[in-house]
Amino acid sequence: MSALGSLTVVGLGPGPDRWLTPEVADVLAGATDLVGYGPYLDRIPQSFHRRHGSDNRVELSRARLALDLAVSGRKVALVSGGDPGVFAMASALFEALESGDDPAWAEVPVRVCPGVSAMLAAAARVGAPLGHDFCVLSLSDNLKPWEVVLKRLRLAAEADFVIALYNPISKARPWQLGAALDTLRSMKDPATPVVLARAVGRHDEDITIATLADCDPATADMRTLVLIGSSQTRLLPRKGTDGLGDVWVYTPRSYTAEVP
Ligand code: SAH
């Protein structure tokens with residue numbers, strides 16, 4: 001039997017290489033095998049490793065493959081975009097481990113390395129919208145019932161959190177973002193700032209700052225992160241030549257509204 005390998009779960013950050021941590025760069029450089037969704041693996045320069053690309057919908061089988069490779073002695077990097085613990089591969093890996101389908105998996109040394117999540121990059125682009133309490137939801141109802149999404153949205157709005165929405169829309173889920181915005185419109189000030197941050201850090205980045213009243217869900221696609229302000233989130237004039245617009249969006253450190 002060959003010596004046991006290892007399995008490291010990493011996130012590449014949301015876009016450019018400079019948002020990939022030095023720790024993750026070291027793991028990728030030392031890996032014999034990369035396992036992940038094809039387009040993420042395409043972002044990693046060719047090196048002396050083997051690549052095991054796959055479709056986006058097969059997270060659990062990807063995690064099993066990564067474990068099998070580690071059992072056979074390979075040094076495996078299991079790759080996500082952003083942070084690997086935010087709607088990504090780290091949980092899929094632990095689900096596979098918990099299933100215990102192969103007892104040898106329990107012996108594999110596992111490590112999870114953090115990455116820059118899309119909401120952090122999107123927030124930094126527009127200022128500091130996440131500066132006070134916020135909550136994060138995936139709008140995808142592939143892995144949970146839509147009623148749960150709506151209930152969580154309503155309660156988040158009631159508690160006056162800033163809300164970050166991952167997976168807002170896709171070809172298979174065209175109406176969910178519109179429905180979510182309608183729910184929020186029924187509960188929040190129509191002037192609440194909304195940020196639609198598409199492909200942050202990529203060559204086709206596009207950031208729209210709107211209000212809840214005029215925000216158009218058609219502006220979003222599956223590479224968009226949506227931020228919805230709390231009652232305290234506000235706009236400030238922005239000077240600069242960086243081409244990133246003429247307003248900042250930020251949420252102050254202190255909460256001065258009445259208790260919601
Ligand atoms: N683990 C990832 C999230 C995976 S879920 C992370 O921590 O960022 C996929 C969702 O992430 C997309 O639907 C989109 O909402 C968001 N996302 C990923 N990369 C993005 C980017 N460069 N710009 C904006 N949103 C992004």
Side-chain angles (χ1 to χ4, degrees), residues 8-21 23-24 27 35-44 54-60 62-63 66 77-95 112-127 129-130 134-144 149 152-153 162-178 180-181 194-210 215 217-228 244-245 249:
T8 312
V9 194
V10 301
L12 302 180
D17 288 351
R18 62 184 193 278
W19 290 350
L20 184 148
T21 68
E23 180 187 39
V24 170
V27 170
V35 178
Y37 175 44
Y40 294 149
L41 298 191
D42 292 343
R43 286 169 51 192
I44 302 166
S54 59
D55 187 77
N56 207 5
R57 290 161 196 270
V58 291
E59 289 190 340
L60 216 57
R62 215 185 285 151
L78 181 55
V79 177
S80 288
D83 176 273
V86 177
F87 307 125
M89 283 307 301
S91 293
L93 171 70
F94 291 114
E95 283 178 45
V112 182
C113 301
V116 177
S117 193
M119 66 180 162
L120 305 179
R125 277 290 195 255
V126 298
L130 305 179
F134 63 93
C135 78
V136 184
L137 277 84
S138 168
L139 268 202
S140 170
D141 52 354
N142 291 336
L143 301 172
K144 65 190 169 205
V149 178
R152 290 180 177 173
L153 268 177
V162 173
I163 302 171
L165 299 177
Y166 284 74
N167 299 306
I169 206 160
S170 75
K171 288 203 178 78
R173 294 182 296 100
W175 54 265
Q176 280 81 346
L177 178 59
L181 291 171
V194 174
V195 178
L196 297 157
R198 184 161 66 82
V200 180
R202 315 304 296 252
H203 67 93
D204 51 348
E205 173 177 306
D206 183 30
I207 297 188
T208 306
I209 298 172
C215 166
T219 319
D221 64 10
M222 63 182 292
R223 293 187 307 152
T224 303
L225 192 283
V226 181
L227 295 169
I228 296 139
L244 287 171
V249 183

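Each residue takes its place number in the sequence, starting with 1. Start at 1 and go down the list; that is how both ligands and their atoms are numbered.
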Polar contact flag, side-chain donor to acceptor under 3.5 angstrom, S140-Y166: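 On atom types as modelled, these side chains do not qualify, holding no pair under 3.5 Å.
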Pair up each side-chain donor or acceptor in residues 8-21 with any protein partner under 3.5 Å, not counting sequence neighbours, and list the distances.
unit_1	atom_1	unit_2	atom_2	d
T21	OG1	V24	N	3.1

Salt bridge (charged side-chain N to carboxylate O under 4.0 Å, His left out) partners for E205, two or more places apart: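 With sequence neighbours excluded, E205 shows a salt bridge (charged side-chain N to carboxylate O under 4.0 Å, His left out) to R125, given in chain and number order.
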F134: ring-ring contact (aromatic ring centres under 6.0 Å, His included) partners, not counting sequence neighbours: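 For F134, no residue satisfies ring-ring contact (aromatic ring centres under 6.0 Å, His included) once neighbours in sequence are set aside.
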N/O donor-acceptor pair under 3.5 Å between K171 side chain and M222 backbone: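 Checking the backbone N and O of M222 against the side chain of K171, no donor-acceptor pair under 3.5 Å is found.
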L227 and V194, any side-chain heavy atoms less than 4.5 Å apart: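 V194 does not reach L227 side chain to side chain.
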Within the 4.0 Å heavy-atom sphere of ligand 1, strictly under, residues: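 Ligand 1 is contacted, at a heavy-atom distance under 4.0 Å, by P14, G81, G82, D83, V86, F87, A88, S117, A118, Y166, N167, P168, A197, A199, V200, M222, R223, T224, L225.
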